[in-house]
Amino acid sequence: PAAGAAVMASAIVSVGLHLAGHETLSRIAPAIGCAAWLALAAEFAVRLLRERERWVADAGTPGALTAVAATTVLGTRFSALGRQTLAEALLALSALLWPLLLVLVRRHWRRRMPGGVFLCCVATQGLAVLGATLAAAESAAWLAHTALVLFWLGLVLYGVAFFRFDLRQVLEGAGDQWIAGGALAISALAGSKLIAADSARLYLWNDDDHGVLRAVTVALLMLDLAWYAVLLTAEVLRPRPRYDVRRWATVFPMGMTAAATLAVSAAVDLPWLRTPGEVLLWVAVAAWLAVAAWAAGAARTALRSTGRR
């Protein structure tokens, strides 16, 4: 299930490049993400039909929620490309999977969990992001109000997950500890999308609602940037040079932080945030390329090892 983070990373880097105005580059990453999503969806279906016990075992792990998160982030990118029908289909699919996987994962929660525990928040906020994006595109007020409920629920789930998170993972984690910050980043992105969805035609929020949304969104972004600094410092102090598939769960929060910074800059009219957002975006692109090369090298080594047997 952790491989779903690769789809999330590719899709959010594409969203970030789109927000920064690099449209040509932004169209490359989702093609890779789509191919990975289709492969994972096929395996998901095959295991459900042929290996039910293994499917249930995998569905109970926090990484299973990457199925929802990856689908929503990919849907958000398709909406930006004008493919609203496809984005709506992905929203419907993720909305069907979300309660089922959330319940299965919740049953297996324990104390001192790795960073994947925050995927309950990420998946929920992913629905909020895609719902708010489609609400703006389709002028659907009910979608925006539903997304607002999911936004607040996601924040509650973050608090619950934080008390299950093993803080030692900051220094010892294999990559998914970054989701602790990435969950705040996608929450800030959801807040910015809710703010941006408002218009004279829809009139979603009054002045008080707008003020609360703005304050919470900016606070979430600041907390995310603080987590980013802590996690980056921990990587320098305690390097972990071995490849692990959970390194994709490092790239996703990096890309999400960049996308959230750019989106919040536009939504709440803070133009000075755009420059750090673009810097963080290119850091995320470099991280994506590095992990992709790392993964390709690991796959090549594995194939050679298999060929010798």
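All residue numbers in this chain count up from 1 along the given sequence.
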ring-ring contact (aromatic ring centres under 6.0 Å, His included) pairs, two or more places apart, involving residues 172-203 | Trp178-Tyr228
Those residues that, when tested against Arg240, pass salt bridge (Lys or Arg N to Asp or Glu O under 4.0 Å) (two or more places apart) = Glu235
If you look only at pairs with a residue in residues 271-281, which of them pass as a salt bridge (Lys or Arg N to Asp or Glu O under 4.0 Å), with sequence neighbours excluded?
-> Arg274-Glu278
State, yes or no, whether a side-chain contact exists between [X] and [Y] at a heavy-atom distance under 4.5 Å.
X      : Y      : answer
Trp282 : Leu17  : yes
Thr217 : Leu194 : no
Val13  : Phe252 : no
Thr261 : Asp224 : no
Leu127 : Ser94  : yes
Arg77  : Ser26  : yes
Thr24  : Arg27  : no
Lys193 : Phe151 : no

Has the side chain of [X] got a donor or acceptor atom that lies under 3.5 Å from a matching backbone atom of [Y]?
X      : Y      : answer
Asp198 : Leu204 : yes
Ser10  : Ala6   : yes
Gln125 : Ala183 : no
Glu88  : Leu86  : no
Ser79  : Thr76  : no
Ser265 : Leu270 : yes
His22  : His18  : no

Check whether [X] and [Y] end up in the same hydrophobic cluster, where Ile, Leu, Val, Met, Phe, Trp and Tyr are linked by side-chain heavy atoms less than 4.5 Å apart.
X      : Y      : value
Leu100 : Val105 : yes
Leu223 : Val230 : yes
Leu104 : Leu49  : no
Trp142 : Leu148 : yes
Val68  : Leu96  : no

Assess whether side chain to side chain contact (heavy atoms under 4.5 Å, CB included) is satisfied between Leu225 and Leu280, documenting all intermediate values.
-> CA-CA 10 Å; Leu225 292 173; Leu280 290 171; 3.9 Å; yes
Can you measure from [atom1] ([X]) to [atom2] ([Y]) and round to the nearest 0.5 angstrom?
X      : Y      : atom1 : atom2 : answer
Leu167 : Gln177 : CG    : CD    : 12.0 Å
Tyr158 : Ile186 : OH    : CD1   : 13.0 Å
Leu281 : Thr257 : CG    : OG1   : 11.5 Å
Thr71  : Leu97  : OG1   : CG    : 6.5 Å
Leu184 : Cys121 : CG    : SG    : 7.0 Å
Thr124 : Leu102 : OG1   : CG    : 5.5 Å

Please report the closest heavy-atom contact between [X] and [Y], naming both atoms and the distance.
X      : Y      : result
Phe78  : Cys34  : CZ-SG, 3.3 Å
Val251 : Ala284 : CG1-O, 4.1 Å
Arg238 : Leu171 : CG-O, 3.3 Å
Ala259 : Leu189 : O-CD1, 4.2 Å
Ala136 : Ala197 : CB-CA, 3.8 Å
Ala188 : Leu221 : CB-N, 3.9 Å

Would you check, one step at a time, whether the test side chain to side chain contact (heavy atoms under 4.5 Å, CB included) holds for Gln169 with Met113?
-> CA-CA 9 Å; Gln169 290 292 307; Met113 293 189 69; over 6 Å; no
Check the pair Trp109, Val160 against side chain to side chain contact (heavy atoms under 4.5 Å, CB included), reporting the backbone distance first and the verdict last.
-> CA-CA 11 Å; Trp109 273 7; Val160 174; 3.4 Å; yes
Would you tell me whether Arg247 and Thr250 have side-chain atoms, one donor and one acceptor, within less than 3.5 Å of each other?
-> yes
Do the rings of Phe118 and Phe162 sit parallel, tilted or perpendicular, given the 30° and 60° boundaries?
-> tilted
Show your working on side chain to side chain contact (heavy atoms under 4.5 Å, CB included) between Leu90 and Thr72 and close with a plain yes or no.
-> CA-CA 7 Å; Leu90 291 174; Thr72 57; over 6 Å; no
Heavy-atom neighbours of Asn206 CG exceed 12 at 6.0 Å | yes
